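Contents: one structure, followed by commentary.
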Amino acid sequence: MLVGVPREIKAQEYRVGLTPSSVREYVAAGHSVLIEREAGAGIGASDEIYQRAGASIAASAEEVFERAAMIVKVKEPQPQEWQQLREGQILFTYLHLAADREQTEGLLRSGCTAVAYETVTDERGGLPLLAPMSEVAGRLSVEAAGSALKRPAGGRGVLIGGVPGVEPARIVVIGGGIVGTQAARMAVGLGAEVTILDRSLPRLKELDDMFAGRVRTRFSTSEALDQEIVAADVVIGAVLIPGASAPKLVTRPMLKTMKKGAVVVDVAIDQGGCFETSHPTTHDHPTFVVDSVIHYCVANMPGAVPLTSSHALNNATLRFGLALASEGLSAIRRDPHLRAGLNIHRGKVTCEAVANSLALAYQAPLEALAG
């Protein structure tokens, strides 16, 4: 199969769909790889490095989309990209469709087969292709909060770890999954006072054991959330419902109770965000202020560390991408975990969570593939 990798065009996105080492694996498996020129510039991989790995270099994205049978990307296709997709072509990338009706409709019109990294599953019920970027985003969320807390940035002027004799920052993490765990790990390491809220008692017990009492864990109720955000210097939104829109857990009235200059970091912004006042931002302009509270809502946080992120992502996606390249739609029919990643197929929504979030008709993946 001819696999194409266009350069990412989303604002401040420096990751690349295939690293040179992944290209070597595709070529070794008998596939051809077409890379848009300078697609790897953000990770320091020149066109010459890709050529040595066995790839061909395309002069434009248009050439990649026109020739390739499968497109491998990182971020969701932008309008000028989804307009170039066609029926029978496989798209393998992050999509986050539940909060993006325009993109969903564009992909439906294209007739392509779109497999989303974020809904591919594994034997343990996890999301293996989302996990590495969740780890990166969770760790970056604390770095972002620390910067936003500084007085020149409009924050309260609090040092996350404090100093002897002065209290550290109070950081509240909503959600005890991968993002929340990594955020807590970073925050604890810096010396912050950390509370994690989650609605799973087994998970709270795991976190309590994991952190050996260095974090507070609370069962997430409206009352608990109210109490925690009033006292917080930082609130990190790390809630995930696979494939679906994030619930709005912090409302505007709740936000008004927070300290002036406090910071919220909405890591769930790709799925619409879990703060009522959130809207997507970019690395160019990462923050905005509502009711004296600083909001950090960058929708591609891992794009700020593309070298780390691209390699971590490729480590996770490689085996699934090779299966798609080798077997095409048969790989999706055969593998239930890859099938869970099928969001769009020939004008049908095949992810139930996306269909429900956007009030669109849903067709089961095997039914759509049989059509």
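If you're wondering where the values come from, they're calculated on a predicted model, not measured in any experiment.
- Thr257 is not listed as a side-chain neighbour of Asp226, based on a closest heavy-atom distance of 4.5 Å or more.
- A side chain to side chain contact (heavy atoms under 4.5 Å, CB included) with Leu18 is found for one member of Val72, Leu318, Val74 and no other, namely Val72.
- The shortest distance between side-chain heavy atoms of Thr104 and Ile344 falls below 4.5 Å.
- A distance-only check finds a donor-acceptor pair linking the side chain of Ser245 to the backbone of Ala98 [under 3.5 Å].
- Looking at Met254 and Glu276, their side chains never come closer than 4.5 Å, going by heavy atoms from C-beta outward.
- Considering only heavy atoms from C-beta on, Leu329 comes within 4.5 Å of His345 through its side chain.
- Closest of all the heavy-atom pairs between Gly4 and Ala68 is N-CB, 3.5 Å.
- Following chains of ILVMFWY side-chain contacts shorter than 4.5 Å, one cannot reach Ile196 starting from Ile178, and the two form parts of different hydrophobic clusters.
- Side-chain atoms of Gln84 and Glu66, non-hydrogen and from C-beta on, never get closer than 4.5 Å to each other.
- Hydrophobic cluster membership differs between Val250 and Val230, with clusters built from Ile, Leu, Val, Met, Phe, Trp and Tyr side chains linked at under 4.5 angstrom.
- With values rounded to the nearest 0.5 angstrom, Arg319 atom CZ is found 11.5 Å from Leu324 atom CG.
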Checking salt bridge (charged side-chain N to carboxylate O under 4.0 Å, His left out) for the pair Glu193/Arg170: CA distance, chi angles, key distance, verdict?
-> CA-CA 5 Å; Glu193 180 182 331; Arg170 295 189 64 170; 3.4 Å; yes
Does the pair Met258 and Val235 meet the rule for a side chain to side chain contact (heavy atoms under 4.5 Å, CB included), with working shown?
-> CA-CA 10 Å; Met258 293 184 66; Val235 180; 3.6 Å; yes
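- Side chain of Thr121 to main chain of Leu127: no donor-acceptor pair is present (N/O by atom type, distance under 3.5 Å, no hydrogens or angles).
- Of all the heavy atoms in Leu129 and Ala316, the pair that sits closest is CD2-O, 3.0 Å.
- Counting only N and O atoms by type, the side chains of Asn314 and Ser21 include no donor and acceptor under 3.5 Å apart.
- At distances below 3.5 Å, at least one donor-acceptor pair connects side-chain atoms of Thr281 with backbone N or O atoms of Cys297.
- Summarising the geometry, atom CG belonging to Leu34 is positioned 13.0 Å from atom CE belonging to Met70; distances are rounded to the nearest 0.5 Å.
- Within the 3.5 Å criterion, the main-chain N or O of Gln103 finds a donor-acceptor partner in the side chain of Asp100.
- Residues Asn356 and Tyr362 are not in side-chain contact: their nearest non-hydrogen atoms beyond the backbone lie 4.5 Å or more apart.
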Glu228 and Arg216: salt bridge (charged side-chain N to carboxylate O under 4.0 Å, His left out), yes or no, with the steps?
-> CA-CA 11 Å; Glu228 292 296 335; Arg216 296 169 63 235; 3.3 Å; yes
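- The shortest heavy-atom contact between Leu95 and Pro77 is CD2-CD, 3.8 Å.
- No donor-acceptor pair closer than 3.5 Å links the side chain of Lys348 to the backbone N or O of Leu369.
- Nearest heavy atom pair, residue Glu76 against residue Thr93, reads N-OG1, 4.4 Å.
- Legend: side-chain hydrogen bond (donor to acceptor under 3.5 Å, both in side chains) pairs involving residues 136-156, not counting sequence neighbours, sorted by first then second residue: Arg139-Gln182, Arg156-Asp233.
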Hey, mind stepping through Glu118 and Met133 against side chain to side chain contact (heavy atoms under 4.5 Å, CB included) and telling me if it holds?
-> CA-CA 10 Å; Glu118 71 271 13; Met133 295 304 94; over 6 Å; no
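- Looking at Tyr117, its side chain does come within 3.5 Å of a backbone N or O of Phe92 through a donor-acceptor pair.
- Note on residues 34-56: pairs passing side-chain hydrogen bond (donor to acceptor under 3.5 Å, both in side chains), not counting sequence neighbours, are Ser46-Glu48.
- Note that CZ of Phe211 is 6.0 Å distant from OG1 of Thr181, once rounded to the nearest 0.5 Å.
- Side-chain N or O atoms of Asp291 include none that pairs as donor or acceptor with a backbone N or O of Val293 at under 3.5 Å.
- Within the 4.5 Å cutoff, the side chain of Pro168 has no heavy atoms near those of the Ile160 side chain.
- The same ILVMFWY cluster, assembled from side-chain heavy atoms under 4.5 Å apart, contains both Val267 and Val194.
- Put simply, the side chain of Thr113 never gets that close to the backbone of Ile90: no donor and acceptor are under 3.5 Å apart.
- Here OH of Tyr14 is found 9.5 Å from CG of Asn300. Values are rounded to the nearest 0.5 Å.
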Do Thr277 and Val264 pass the side chain to side chain contact (heavy atoms under 4.5 Å, CB included) test, and can you show the C-alpha distance, the side-chain angles, and the key distance before you say yes or no?
-> CA-CA 10 Å; Thr277 46; Val264 299; 5.8 Å; no
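- Although no hydrogens or angles enter the test, the distance criterion places no donor-acceptor pair under 3.5 Å between the side chain of Gln271 and the main chain of Val239.
- Of the inter-residue distances, the one linking Gln83 atom CD with Gln78 atom CD reads 11.0 Å to the nearest 0.5 angstrom.
- Around CZ of Arg218, the count of heavy atoms belonging to other residues, nucleotides or ligands within 6.0 Å exceeds 12.
- In terms of heavy atoms, Ala331 sits closest to Ala323 at CB-O, 3.5 Å.
- In this view, Phe288 and His279, His295 satisfy the ring-ring contact (aromatic ring centres under 6.0 Å, His included) rule, not counting sequence neighbours.
- Within a 6.0 Å sphere centred on CD of Glu105, other residues, nucleotides and ligands contribute more than 12 heavy atoms.
- Val23 and Ile49 end up in different hydrophobic clusters when Ile, Leu, Val, Met, Phe, Trp and Tyr side chains are linked at under 4.5 Å.
- Between atom CG of residue Asp335 and atom CG of residue Leu342 there is a gap of 12.0 Å, rounded to the nearest 0.5 Å.
- Annotation for Val290 and Leu255: closest pair O-CD2, 3.6 Å, computed over non-hydrogen atoms.
- A heavy-atom distance below 4.5 Å is found between the side chains of Cys112 and Leu107.
- Put simply, the side chain of Thr350 never gets that close to the backbone of Gln363: no donor and acceptor are under 3.5 Å apart.
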